[in-house]
Number of protein chains: 2
Amino acid sequence: MATIGDVARLAGVSRSTVSYALSGKRAISDQARARVEAAVAELGYTPNAGARALATSQTMVIGLLAEFLEDEFAPAMLQYIQGVSNTAHELGYDILLVTEAEGTRGLKRITDSRMVDGVVLLNVAEDDGRLPVLRAAPQPGALVGLPGDCTGVDVFDLDFEETGRHMLEHLARLGHRELILVSQPEHVELRGGAYVWRLRNAAARAAQARGITLHAVSGASRQPDIGRDLHAALDAHPGATGLILNNEAAAAALPSVMHERGLAAPRDLSVVGRYSAEFASTFSLPYSSVESAPDRLGRMAVRQLVRRIEGEITPDDPYVVRFVSPELVDRGSTGAPPAG
Amino acid sequence: MATIGDVARLAGVSRSTVSYALSGKRAISDQARARVEAAVAELGYTPNAGARALATSQTMVIGLLAEFLEDEFAPAMLQYIQGVSNTAHELGYDILLVTEAEGTRGLKRITDSRMVDGVVLLNVAEDDGRLPVLRAAPQPGALVGLPGDCTGVDVFDLDFEETGRHMLEHLARLGHRELILVSQPEHVELRGGAYVWRLRNAAARAAQARGITLHAVSGASRQPDIGRDLHAALDAHPGATGLILNNEAAAAALPSVMHERGLAAPRDLSVVGRYSAEFASTFSLPYSSVESAPDRLGRMAVRQLVRRIEGEITPDDPYVVRFVSPELVDRGSTGAPPAG
DNA sequence: CTGAAAGCGCTTACAG
DNA sequence: CTGAAAGCGCTTACAG
């Protein structure tokens with residue numbers, strides 16, 4: 001490969017002139033510029049990223065930590081990755097994807113070795129082990145998901161409390177008095193998936209305030225277990241007229257379950273989920289849902305991260321915790337409870 | 001961050017001694033090694049990846065080109081990414097993920113700038129525009145998907161011809177005489193998805209040899225269009241007793257379609273698909289399927305790529321085109337055609 | 001067994 | 001407007 005020295009020689013100028021001609025960081029005579037450009041074109045010159053990183057302390061790479069946990073619903077993760085990756089590319093950054101099961105080690109490796117200018121953490125837990133590593137790192141970090149302690153990082157998440165309240169009140173207004181909430185598996189919650197209880201507690205409070213019975217159950221994140229869980233929940237609470245789903249796998253499995261039980265929404269059962277429009281389309285889900293906005297959250301996280309990387313915001317500027325408000329996309333799966 | 005110079009100073013040795021102590025590339029006295037190790041621990045030293053890359057011409061990063069095309073079924077792509085990423089990490093490499101719509105530009109950027117030691121291309125088309133770029137690059141490349149011209153790259157793919165033949169003969173042996181094959185959308189094929197016609201032509205030849213009627217149709221890759229396409233195909237060919245699916249979206253949509261038509265497999269219709277066990281589980285698909293082996297293909301591609309990167313194989317060694325043989329996973333969705 | 005030094009390919013003050 | 005040179009943080013022949 002051609003180096004900047006080759007270009008300089010061919011153009012008959014110094015290496016610094018080539019560098020400045022390419023970066024535009026100082027004025028260059030038209031003649032010099034033309035000769036540099038011709039030489040660059042002739043040699044097919046592209047600066048060596050490693051050398052540039054060494055000289056500038058900037059890699060133009062963002063680390064993306066996405067753990068594919070055995071017990072989580074992988075397709076839901078994909079949209080966050082796409083949102084982050086697309087936005088990063090738009091802003092001139094490449095993505096170093098770390099999917100190791102032990103995210104802490106991967107995070108330490110890419111920050112310590114200066115492979116990245118900043119980091120986006122997906123799927124953040126209440127007491128996420130990666131956060132101490134991130135705080136100790138010299139690079140800034142942005143999270144998708146709300147941890148217990150937000151110091152030193154920018155945080156973006158769906159407002160799960162508002163989501164829980166909103167879903168419950170939507171069904172309450174339609175006249176439902178007994179509802180089932182299907183959450184994520186218990187181990188997701190135990191591992192620190194705070195959004196599970198944030199949504200549930202908010203829904204429970206709203207239910208209590210309105211005198212509504214809310215049966216909170218947890219469901220598996222995989223087939224076929226989640227199907228069994230749904231049947232069990234419906235068997236256990238025959239009086240329930242509405243279903244709230246905070247579990248993507250449950251949403252994907254519900255159509256078969258309802259077919260099997262001869263139920264139609266909203267005729268026999270009102271259903272409202274929490275997943276993205278993209279997800280609804282992929283899985284052909286006919287239920288109204290609160291948009292989880294994965295692409296938007298990924299985009300917000302990267303934008304803020306790049307502002308920090310490029311010094312537009314400094315560590316002295318306050319770190320943000322930004323919630324996306326729930327928006328209910330109506331797909332006609334909720335209505336008045338069946339008479340009687 | 002601490003540099004190698006800081007470590008050397010603290011340990012009271014030269015920088016080369018630190019480097020050699022860490023790499024093990026030359027003998028070191030026990031005393032020196034102990035002092036270096038202590039200094040490394042005290043300073044929390046990790047070599048700077050950019051500096052090392054500059055000195056060694058090795059980045060320990062593999063580029064992964066995965067385009068998320070608007071008209072493709074994204075969840076199917078995820079498993080290839082996981083296979084590639086996990087294998088790369090196991091072998092000591094990180095992954096630079098490029099998802100730009102214009103893959104050619106991204107590929108040129110990461111190879112020209114030497115950000116990567118090698119490249120894996122996913123979703124390779126018959127006449128893939130990225131291949132000329134890859135062949136011109138100094139880094140080796142491995143493909144998942146068979147292009148028209150395999151020169152200069154290692155290629156891994158499911159044996160789609162054998163798959164088509166196998167699926168057809170499986171149903172033929174059970175006594176079926178009229179079958180429908182649902183392929184990918186036409187534009188996937190036009191864009192160069194050779195696997196579509198490779199499977200179809202092989203199935204058609206096998207059908208002809210056995211005097212079986214095979215209706216080849218194409219189906220959308222999204223909901224709800226694919227549901228309509230399936231209904232239309234079943235309406236158009238009421239005599240068909242078996243369905244062959246070479247379209248993930250069709251497989252995901254078929255349970256609803258069959259419910260709507262009151263059909264059960266294999267009682268009314270025998271069904272065989274082509275997708276991974278992981279996919280079957282995620283979407284709760286009850287159909288027997290030929291395993292598409294995304295994790296295995298990703299793993300094979302990375303293994304071979306790393307062999308080339310590390311010089312275990314050179315450009316003089318022949319490039320391989322390796323097909324994974326189809327294996328039918330029986331989920332009980334095929335049987336004898338309904339009597340009459 | 002060890003150190004001083006060259007070199008990887010850039011960027012950017014410094015001097016003119 | 002331009003060039004010579006220092007420096008980024010490593011690795012690795014070279015010399016002892």
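Below, chains carry the letters A, B, ... as their sequence lines are ordered, and counting in each starts from 1. As the structure is a prediction and not an experimental result, all values here were calculated from the model.
- Among residues two or more places apart in sequence or in another chain, the ring-ring contact (aromatic ring centres under 6.0 Å, His included) test is passed with A/Y80 by none.
- Checking A/Y20 against B/Y20, the closest nucleotide of DNA chain D that is more toward the 5' end is the one next to A/Y20.
- Annotation: side-chain hydrogen bond (donor to acceptor under 3.5 Å, both in side chains) contacts of B/D127 (sequence neighbours excluded): none.
- Taking a pair as Watson-Crick or G-U wobble with both distances under 3.5 Å, DNA chain C forms stems of 3 or more consecutive pairs at C:1-3 with D:14-16, C:5-12 with D:5-12, C:14-16 with D:1-3.
- Interface residues of residues 23-50 of chain A facing DNA chain C, ordered by number: A/K25, A/R26, A/Y45, A/T46, A/P47, A/N48; criterion, heavy-atom separation under 4.0 Å.
- Defined by atom type and a distance below 3.5 Å, a donor-acceptor pair is missing between the side-chain atoms of B/R303 and B/T87.
- With contacts defined as side-chain heavy-atom distances shorter than 4.5 Å, the pair A/S85/A/L64 does not qualify.
- Nearest-nucleotide positions on DNA chain C for A/G5 and B/G12 put B/G12 closer to the 5' end.
- Residues B/I110 and B/L65 are in side-chain contact: their nearest non-hydrogen atoms beyond the backbone lie under 4.5 Å apart.
- The minimum heavy-atom distance linking B/I62 with B/A88 is given by the pair CD1-CB, 4.4 Å.
- Residue A/T56 is classed as a sugar-phosphate contact, given heavy-atom separations below 4.0 Å to backbone atoms only.
- The minimum heavy-atom distance between B/M60 and B/D117, with the atom names listed, is N-OD2, 2.7 Å.
- Nucleic acid contact class of B/S16 (heavy atoms, under 4.0 Å, all strands): base.
- If you walk DNA chain D from 5' to 3' and mark each nucleotide with an atom closer than 4.0 Å to a heavy atom of chain A, the marks span D/dC1 to D/dG9.
- Taking 4.0 Å as the cut-off between side-chain N and carboxylate O, A/R307 and A/D317 do not count as a salt-bridged pair.
- Scanning for side-chain hydrogen bond (donor to acceptor under 3.5 Å, both in side chains) contacts around B/R9 gives B/D6, with sequence neighbours left out.
- Contact check for A/M1 versus B/D112: side-chain heavy atoms found under the 4.5 Å cut-off.
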